[in-house]
Amino acid sequence: MREAYHEELASISDGLVEIANLVGSAMGRATSALLDADLQLAESVISANDKVADLQRDVENRAIAVLARQQPVATDLRIVVTSLRMSADLERCGALAQHVAKLARLRFPDQAVPRDLRRTVLEMGQLAQRLMAQAAEVLITHDIDAALQLERDDDRMDELHRLIFHHLLDERWHHGVETAVDVTLVGRYYERFADHAVSIAHRVVYLVTGEHTDEAAADPPVTA
């Protein structure tokens, strides 16, 4: 029975990794749909989010079932509770990728992002996908250093988000109010996606150490 119990815990972790890979891919494809005004690709991202939602509910149901049947304590309890919170982060990431794809669909056949911001938005999309890939890896390895590095890598997303606002507030902006709203929303979608990836990394640190991220960063583990 103990072996079956640990298999249940492992299946929850595997489910989280699968969702992380799906939402990372979704954001990459949504970015391409947005920048290329690709309606078919946008529709595929929107419809694929149903699978993310189904997987998230499955992970949540399994975690709740473990709580009810096994009444875990100590580290096992942290695993289950943290998994529930991470599944919520991942569900939001799927929704954010879907929002990007829906904006591409809304403006089709036009492009929602003006030419002078395409490079910035492309980098934001690529960075969001990379941060989620790092989060998935941290979920597998439980590497605290990698988790803390992910938070540092997120600083670039914050820089890009600020850069978008510099463009919007520049007196040379000539793309109109509607495009300004679109770009503001897109920047927010990527920034929030990255924040959820960082949140997952924080939760892994807590899962492994029992400490919150600022405590773990202040007192790193001793290595040989």
Side-chain angles (χ1 to χ4, degrees), residues 18-56 87-136 150-151 153-201:
E18 182 179 2
I19 299 171
N21 288 330
L22 284 174
V23 298
S25 174
M27 186 55 94
R29 291 183 294 115
T31 302
S32 296
L34 181 71
L35 295 177
D36 299 336
D38 188 328
L39 180 60
Q40 183 175 358
L41 184 57
E43 293 285 8
S44 73
V45 173
I46 293 166
S47 61
N49 195 53
D50 289 343
K51 182 177 181 180
V52 171
D54 288 343
L55 287 170
Q56 190 268 339
S87 75
D89 281 317
L90 291 168
E91 187 274 334
R92 287 304 306 148
C93 287
L96 290 164
Q98 189 180 56
H99 290 337
V100 173
K102 284 183 175 179
L103 183 57
R105 182 176 67 180
L106 178 65
R107 300 303 175 210
F108 180 83
D110 296 324
Q111 293 179 338
V113 180
R115 185 175 299 275
D116 49 346
L117 275 174
R118 285 175 59 82
R119 181 176 297 179
T120 301
V121 170
L122 175 60
E123 184 177 351
M124 292 182 87
Q126 292 174 336
L127 179 57
Q129 187 173 7
R130 185 163 69 251
L131 289 171
M132 187 52 68
Q134 290 174 239
L150 195 157
E151 182 172 20
D153 291 344
D154 177 55
D155 290 344
R156 177 57 180 165
M157 184 66 83
D158 294 333
E159 291 173 5
L160 293 167
H161 196 213
R162 287 192 294 270
L163 182 59
I164 282 183
F165 281 101
H166 285 315
H167 276 273
L168 293 173
L169 296 174
D170 195 306
E171 62 183 13
R172 292 169 294 179
W173 177 265
H174 61 276
H175 302 294
V177 174
E178 183 178 84
T179 301
V181 171
D182 288 346
V183 170
T184 300
L185 288 172
V186 164
R188 181 61 173 165
Y189 296 152
Y190 288 125
E191 189 262 345
R192 288 300 299 144
F193 188 98
D195 283 348
H196 284 294
V198 171
S199 177
I200 290 167

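The first residue in the sequence is number 1, and the count goes up from there.
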For residues T179 and V183, determine if any side-chain heavy atom of one lies less than 4.5 Å from a side-chain heavy atom of the other. yes
Determine whether L96 and Y190 make a side-chain contact, defined as any pair of heavy atoms from C-beta on separated by less than 4.5 Å. no
L127 side chain reached by M124 side chain, heavy atoms, under 4.5 Å: no
D54 meets the side-chain hydrogen bond (donor to acceptor under 3.5 Å, both in side chains) criterion, sequence neighbours left out, with R57
Would you confirm whether R118, through its side chain, and L35, through its main-chain N or O, come within 3.5 Å as a donor-acceptor pair? yes
Do the side chains of L103 and L106 get nearer than 4.5 Å, heavy atoms only? yes
Heavy atoms, side chains only, cut-off 4.5 Å: are H175 and D116 in contact? yes
Does any part of the side chain of L163, heavy atoms only, come nearer than 4.5 Å to the side chain of H167, both counted from C-beta? yes
Is any side-chain heavy atom of T31 closer than 4.5 Å to a side-chain heavy atom of Q126? no
Mind jotting down which residue pairs meet the ring-ring contact (aromatic ring centres under 6.0 Å, His included) criterion with at least one end in residues 91-117? Sequence neighbours excluded, please. H99-Y189
For V45 and A30 the tightest heavy-atom approach is CG2-N, 3.8 Å
Please check: side-chain N/O of Q56 versus main-chain N/O of E91, any donor-acceptor pairing under 3.5 Å? no
Under 3.5 Å, is there a donor-acceptor pair between the side chain of S47 and the main chain of E43? yes
Checking the side chain of D170 only, and the main-chain atoms of R172 only, is there a donor and an acceptor separated by less than 3.5 Å? yes
Could you tell me if the side chain of L90 sits less than 4.5 Å from the side chain of V52, heavy atoms only? no
